[in-house]
Amino acid sequence: MTTINESRPAQGLRADDRRDEQVHESTKPLGGIAGWVDDRVGAAKGVSFLLKKVFPDHWSFMLGEIAMYSMIVCLLTGAFLTFWFVPSQTLVPYDGSYIPLQGVMVSDAYRSTLDISFDIRGGLLIRQIHHWGALIFIVAVFAHMARVFFTGAFRKPREINWVFGTILSMLACIEGFAGYSLPDDLLSGTGIRAMNGFVQSIPVVGSYVSYFIFGGAFPGEAIVPRLYSVHILLIPAILIGLFTAHILLVFVHKHTQYPGPGRTNTNVVGYPLMPVYIAKAGGFFFMVFGVITLISALFTINPIWAYGPYDPSPVTAGSQPDWYMGFADGALRLLPGWFEFVSWGDFTWSMNIFPGSILLLPIMWGVIGAYPFVESWVTGDKREHHLLDRPRNAPTRTAIGVAGITMYCVLFFAAGNDLIAIKLHLSINDITMALRTLFFIGPPIAFWITKRICLSLQRADREKVLHGRETGTIWRYPDGRFEEIHAPLTPNERWPLVQHEVPEPLQIIAEKDENGVDSPIARKERLRAKLSHFYFVDRVAPVTPAELEAAHHAHDEPHAALPAGEHEALESTGAGAERESIKADKRLD
Amino acid sequence: MNDNETTAPGESGALVSATPGGVVAQSQADAVDRFENPGLPPHVHRLADDDESAAKRAERQVATMFGLSMLGALVFLVAYFVVPDESTFYFPGIGIASTQNVVLGVSLGISILMIGLGAVHWAKTLMPDTEVVEERHLQASSPEDRAKAVASVSKGGEAAQLPRRPLIKYTLGGALGLFALPLGLQVAGSLGPTDVEELKTTIWDPSYNDGKPIRLMRDPEMTPIKLEDVTNGSVFHVMPETLQKFIDEGKHVLEAKAKAAVILIRLDPELIKVQKARDWGVDGTVAYSKICTHVGCAVGLYEQQTHHLLCPCHQSTFDLTEDCTVIFGPAKRPLPQLKIQVDDAGYLVAPQGFDQPVGPSFWERLR
Amino acid sequence: MNALAARRRHPAAIAVLLLLGLLVTGGAYSFFAPKDANAAPTVSADAVQDGKNLFLANCASCHGVNAEGTKSGPTLVGVGAASVDFQVSTGRMPLAGPNVQAPVNKVKFDETEIAALAAYVASLGAGPGIPEEKWTTVIQPGTPENNKAIATGGEIFRVNCAMCHNFAGAGGALTRGKYAPALDEATPRQIYEAMVTGPQSMPVFNDRNISPEGKQQVISYLAAQRDQTNVGGFSLGNLGPVSEGLFAWVFGLGILIAGAVWLGKKAA
């Protein structure tokens with residue numbers, strides 16, 4: 001380590017500098033400005049490293065990009081909107097150009113949003129881009145999350161990034177809620193009214209928290225300014241910070257890829273950032289922005305002028321939050337009223353509200369965030385994974401995911417129970433009862449069906465590898481029989497169907513400790529073994545070269561001699577691999 | 001470092017990891033009978049790679065898209081000044097549409113979208129499409145690097161004399177632990193007044209009217225209501241007379257309104273099964289708080305034939321014949337009833353406020 | 001006379017003539033128009049008899065031969081002409097079959113027949129009559145007073161109607177399969193009649209609850225909202241965030257995924 005206070009004559013220092021400059025000027029590759037910058041920051045090495053980064057191509061990898069780009073669209077249009085929006089709940093008479101509201105007393109926030117919509121040229125377009133962009137942002141976040149889950153992209157080393165993503169998705173929902181509450185229209189005001197009810201339901205401190213949030217009694221004049229600073233400052237800052245970390249980790253880990261010929265766990269196959277991915281990803285930004293703009297040109301979103309200003313007395317039929325808050329609203333519709341009770345000391349426990357609104361959010365996102373850690377504990381898998389699973393090859397995980405989505409959807413559809421009732425001419429009471437039942441029986445059914453489908457698809461893969469793909473050509477034999485010709489798969493076609501590994505359940509080594517006593521560790525391990533059994537008890541092994549060989553031999557025999565039970569025999573080979581009883585322990589410590 | 005082993009399936013055998021807990025993860029490490037990864041498939045040329053005219057065509061297509069983008073931008077620039085605010089036209093599917101929003105939006109959308117389509121088309125047809133392979137390395141640092149990092153941290157700590165000076169260590173910990181509390185207290189303590197007792201009163205309380213009964217007024221017209229105005233099957237949305245004072249004084253009225261909204265309904269008195277409900281009404285005319293006891297939406301949907309009140313937010317259903325008890329949905333408590341009478345001038349008045357807090361439940365509601 | 005003939009080609013003549021015509025017809029109308037809408041309209045005994053015949057043929061099976069009501073239908077004594085006009089002119093009555101609530105249907109009778117039916121039922125007992133035309137005339141936006149009237153109508157609508165019929169009059173759900181219908185097909189007269197009579201689940205909004213002026217303002221607000229330009233574009237059924245979310249998932253995400261698939265596909 002050298003220190004800078006080594007004394008050198010000033011003359012020498014200058015000479016050194018000049019030598020440096022001469023070196024640089026002779027190797028200036030990108031013209032003046034880039035050289036000037038590099039002289040000062042020395043980024044050339046990093047830039048060339050970055051530009052050579054390889055990204056695999058697949059449409060499902062673009063879901064995250066849709067989210068990222070629509071977020072940028074929201075940031076941009078949001079900055080525009082702040083120029084005109086007035087975050088104030090002072091009541092003023094509306095005097096803008098929307099006739100059905102002229103002269104009505106409205107809040108300044110509502111008036112300024114009406115002005116953006118009617119009196120500022122292109123303002124409505126920007127507002128609609130902002131709101132549609134926000135909806136598509138959160139839609140894409142959830143779709144991206146589902147992709148990452150079902151392909152197992154959250155496994156080591158990407159667990160931290162999964163947690164970041166989980167937090168990002170929750171923040172996105174809260175950001176959206178804060179945003180659509182700002183115009184202070186009847187619908188969003190009803191939403192804030194309900195939010196006040198949620199907060200009041202918190203045991204012990206509820207009414208105090210409500211007074212903190214609203215700066216006094218509901219609705220007061222503080223909530224819109226406060227939500228405004230949350231919406232434009234606080235959450236965006238955290239969102240952008242976490243999102244930057246999210247993207248940096250993608251660069252650090254290098255993107256995952258789907259299995260395929262030449263793709264292994266130790267490489268990444270795709271296109272370099274410069275020029276292909278810059279053009280594709282950059283181009284995709286404009287595609288996302290363009291599509292959102294076109295939607296905003298042609299489709300109304302949140303017509304606050306039709307809702308009218310907020311007033312606690314009126315309410316509109318079909319009062320719903322934006323879709324991403326729907327599941328919580330649905331949970332509230334399904335919770336029965338008798339959950340509320342009064343305890344000793346005359347304290348009121350609003351258990352008909354608190355679990356569905358305040359508790360549900362941390363529970364849902366907590367479970368999602370914890371999943372990678374649970375799975376890796378259960379499976380005992382501590383290796384790095386860069387090759388994605390085909391969802392069918394991880395049947396239990398896929399089934400858990402679908403069960404979770406089913407539960408979410410039940411809550412989500414419960415939030416629209418009144419619209420389902422009126423559009424399908426059903427009774428709202430029946431729908432609510434049905435959804436209450438579905439909340440409990442839907443996920444297990446979805447789990448079972450999904451797992452069966454996954455296993456069947458795996459068996460279909462085996463079938464395809466063993467007998468080739470169906471060509472659609474029907475062959476007629478001299479003896480009058482018909483048979484469809486199956487074309488054998490090429491090695492490249494075959495590889496994705498046989499590359500996966502099939503883990504087996506973990507086994508308990510030590511039932512008891514050395515004294516023959518049940519230790520807590522042993523109990524924990526027994527639970528772990530049970531869960532592992534649950535994960536991997538049903539499995540279909542991929543075709544091995546030997547099996548393929550055997551199948552070929554069977555085909556090579558004269559057709560007339562083909563045993564009638566050939567297919568069944570082969571299927572049982574497949575089934576033999578499945579539900580395989582656990583063989584002798586192979587201990588490798 | 002066993003935990004950090006990364007292996008491509010089918011390539012190497014070291015797939016097993018063991019955990020100290022006594023459980024062994026098995027995998028197919030021993031299953032040597034597996035297919036080999038066939039390696040990268042041969043590169044297939046695109047039309048534009050071999051055929052210069054196809055490449056030219058692609059170039060023209062990309063240029064056309066970029067050209068359309070410029071056109072879109074120009075249309076926007078012109079339309080911004082030319083299209084008047086009120087201008088409308090018939091757009092199939094939309095109906096009467098605002099020319100400004102449609103023209104500005106479509107031109108801007110095309111100008112942006114075409115840049116994207118052009119760039120992607122360019123990348124797909126003309127940029128190299130040979131796949132590149134980048135090798136991965138274990139995410140974990142090498143043991144030497146780790147040791148070095150640990151060493152420099154502990155060396156730095158030692159250089160700062162942290163282990164030798166516990167007094168500094170603990171006071172620093174204490175200071176860092178405490179410094180955020182004043183900031184937290186400032187924001188939490190000053191966010192709002194905490195007179196939560198307010199939740200239990202409404203401006204129906206006679207104290208807001210010098211102890212006199214308060215007239216029921218039509219919402220939003222704020223005109224008093226006579227008993228005979230309320231015919232059978234009628235629903236009146238009602239605010240207290242005291243609200244007018246708030247309006248006149250230019251106060252922010254919504255806080256008062258949020259608790260005071262009342263619904264006034266007349267039904268056949270024979271149908272009301274609860275004596276108290278009948279007593280607190282006049283001749284089958286009864287008044288109930290309109291604020292849902294669930295989370296506070298306005299319960300305004302009155303079904304004249306079934307005498308049910310429905311909340312449009314979460315479908316709590318209240319039975320008017322049973323003193324507004326909940327018969328369906330997530331609310332628990334009945335809507336509080338407002339006692340009404342007829343004053344000397346024949347108008348409906350409320351002689352006393354609600355006998356319980358209105359609206360959603362809260363912890364100290366009954367205290 | 002000559003002086004008049006000489007001026008007959010004057011540019012103002014046509015305007016004067018029009019004004020005169022309007023004055024005369026207006027004056028005549030105000031003279032001859034029924035003074036009290038709540039009184040049964042003066043109709044000939046013939047119409048009542050026609051109505052009775054129609055009633056016996058089409059309605060008596062449920063409402064009873066003397067409209068006294070049966071198990072399957074309520075009494076119609078005292079419901080008034082407005083009720084009959086509303087129910088029959090929207091096709092709700094005669095009821096096609098048992099249902100939780102009578103749906104809008106094909107209208108079975110022509111105007112004279114409906115008038116006759118209404119006259120017959122009105123003759124059975126006093127009830128709300130057909131509204132005066134002046135209260136069912138839509139106030140057109142333009143002048144400040146008219147705009148103010150429309151805005152007031154909006155306030156009345158939001159407090160009294162929107163909770164069932166939705167902010168845009170798109171309708172909403174009630175309990176056990178009942179519903180508040182959408183208002184976009186209803187004529188001003190039908191809206192007025194519904195408010196006065198409180199058909200089925202709907203409560204009654206008599207003239208002392210919402211004055212005739214108020215009702216006219218509500219009707220005008222609805223008309224103004226209906227005529228309002230779809231400023232933001234296609235309205236997605238005016239159902240609020242549910243349809244918007246559905247659209248974002250299906251159309252928004254769908255088209256962007258299509259773009260992503262195109263982007264990831266190798267060019268020919």
Side-chain angles (χ1 to χ4, degrees), chain A residues 54 122 124-125 157 193-194 197 200 206-208 211-212 215-217 219 261-262 264-269 272 275-276 279-280 283 286-287 289-290 293-294 297 312-313 315 317 319 332-333 335 337 340 346 348 350 352 380 382 384 491-492 495 498 501 504 506 509-510 525 544 546 588-589, chain B residues 3 6 8-9 16-18 21-23 25-28 33 35 38-41 101 104-106 108-109 112-113 115-116 119-120 123 127 131-136 139 191-194 196 198 219 254-255 257-258 261 295-296 298 312-314 326 330-332 360-363 365-367:
Chain A
V54 168
L124 181 62
L125 181 66
R193 172 60 147 166
Q200 280 190 12
S207 27
Y208 288 91
Y211 267 67
F212 284 148
T264 71
N265 207 26
T266 55
N267 73 5
V268 50
V269 181
V276 181
K280 280 194 172 181
F286 287 98
M287 281 167 65
F289 196 174
T293 310
L294 286 176
S313 175
V315 67
S319 282
L332 283 174
R333 291 178 190 219
L335 276 166
E340 179 181 318
D346 285 345
T348 306
S350 308
N352 53 341
K382 307 285 183 211
E384 285 191 7
N492 282 348
W495 176 244
V498 297
E501 44 180 293
E504 291 175 19
L506 295 173
I509 293 168
E525 289 305 325
T544 62
L588 288 145
D589 321 42
Chain B
D3 284 1
T6 89
V16 178
S17 74
V23 176
Q26 278 201 333
S27 71
Q28 310 208 317
D33 185 26
F35 284 97
L40 279 180
N101 196 58
L104 291 186
V106 169
L108 181 66
I112 296 169
L113 181 66
I115 296 179
V120 172
M127 291 185 191
E131 287 184 312
V132 178
V133 179
E134 194 182 346
E135 291 302 317
R136 291 182 193 275
Q139 215 61 55
L191 273 174
T194 52
V196 296
E198 258 183 25
D219 179 27
L254 298 186
E255 294 77 47
K257 267 185 141 179
V295 290
C313 289
H314 304 103
V326 181
K332 157 97 177 195
S361 297
F362 51 97
W363 179 251
R365 186 176 172 274
L366 295 177
R367 298 205 28 114

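None of the values given here were measured: they were computed from a predicted structure. Here is the naming used below: chain letters follow the sequence lines, and residue numbers restart at 1 for every chain.
Between chain A and the options B:L108, B:V120, B:V196, heavy-atom pairs under 4.5 Å are most frequent for B:V196. For the options A:G206, A:P219, A:G215, A:G122, heavy-atom pairs under 4.5 Å to chain B are most numerous at A:P219. Most heavy-atom pairs under 4.5 Å with chain B, from the set A:L332, A:V276, A:L124: that is A:L332. For the set B:P312, B:P330, B:G192, the entry with the most heavy-atom pairs within less than 4.5 Å of chain A is B:P330. Interface summary for chain A: among B:P193, B:P360, B:A119, B:A123, the most heavy-atom pairs under 4.5 angstrom belong to B:P193. With chain B as the partner, the residue from A:P157, A:G283, A:A217 showing the most heavy-atom pairs under 4.5 Å is A:G283. Contact tally against chain B (heavy-atom pairs below 4.5 Å) for A:T348, A:N352, A:V498: the top residue is A:T348. Per-residue heavy-atom pair counts under 4.5 Å with chain A were compared for B:G39, B:P41, B:A331, and the maximum is reached by B:G39.
Looking at B:V133, the atoms closer than 4.5 Å to chain A (heavy atoms on both sides) sit in the backbone and in the side chain alike. Residue A:P491 touches chain B through both its backbone and its side chain, counting heavy-atom pairs closer than 4.5 Å. With a 4.5 Å cut-off on non-hydrogen atoms, A:S350 touches chain B through its side chain but not through its backbone. For chain A, the nearby parts of B:N101 are the backbone and the side chain; heavy atoms of each come within less than 4.5 Å. Both the backbone and the side chain of A:A194 have a heavy atom closer than 4.5 Å to some heavy atom of chain B.
Judged as a ring-ring contact (aromatic ring centres under 6.0 Å, His included), and not counting sequence neighbours, A:Y211 has no contacts. Not counting sequence neighbours, the partners of B:V132 by the side-chain contact (heavy atoms from CB on, under 4.5 Å) test are A:V54, A:P272.
Counting heavy atoms from C-beta on, the side chains of A:V315 and A:R193 never come closer than 4.5 Å. Between B:L113 and A:M287, the closest side-chain pair of non-hydrogen atoms falls below 4.5 Å. Residues B:S361 and B:K332 fail the side-chain proximity criterion, which asks for heavy atoms closer than 4.5 Å. Here the side chains of A:P261 and A:N492 are in contact, with some heavy-atom distance below 4.5 Å.
Taking every heavy atom of both residues into account, A:D346 and B:R367 meet most closely at O-CG, 3.6 Å. In terms of heavy atoms, A:T544 sits closest to B:F35 at C-CE1, 3.7 Å.
Panel note: side chain A:E384, backbone B:Q139; a donor-acceptor pair is recorded below 3.5 Å.
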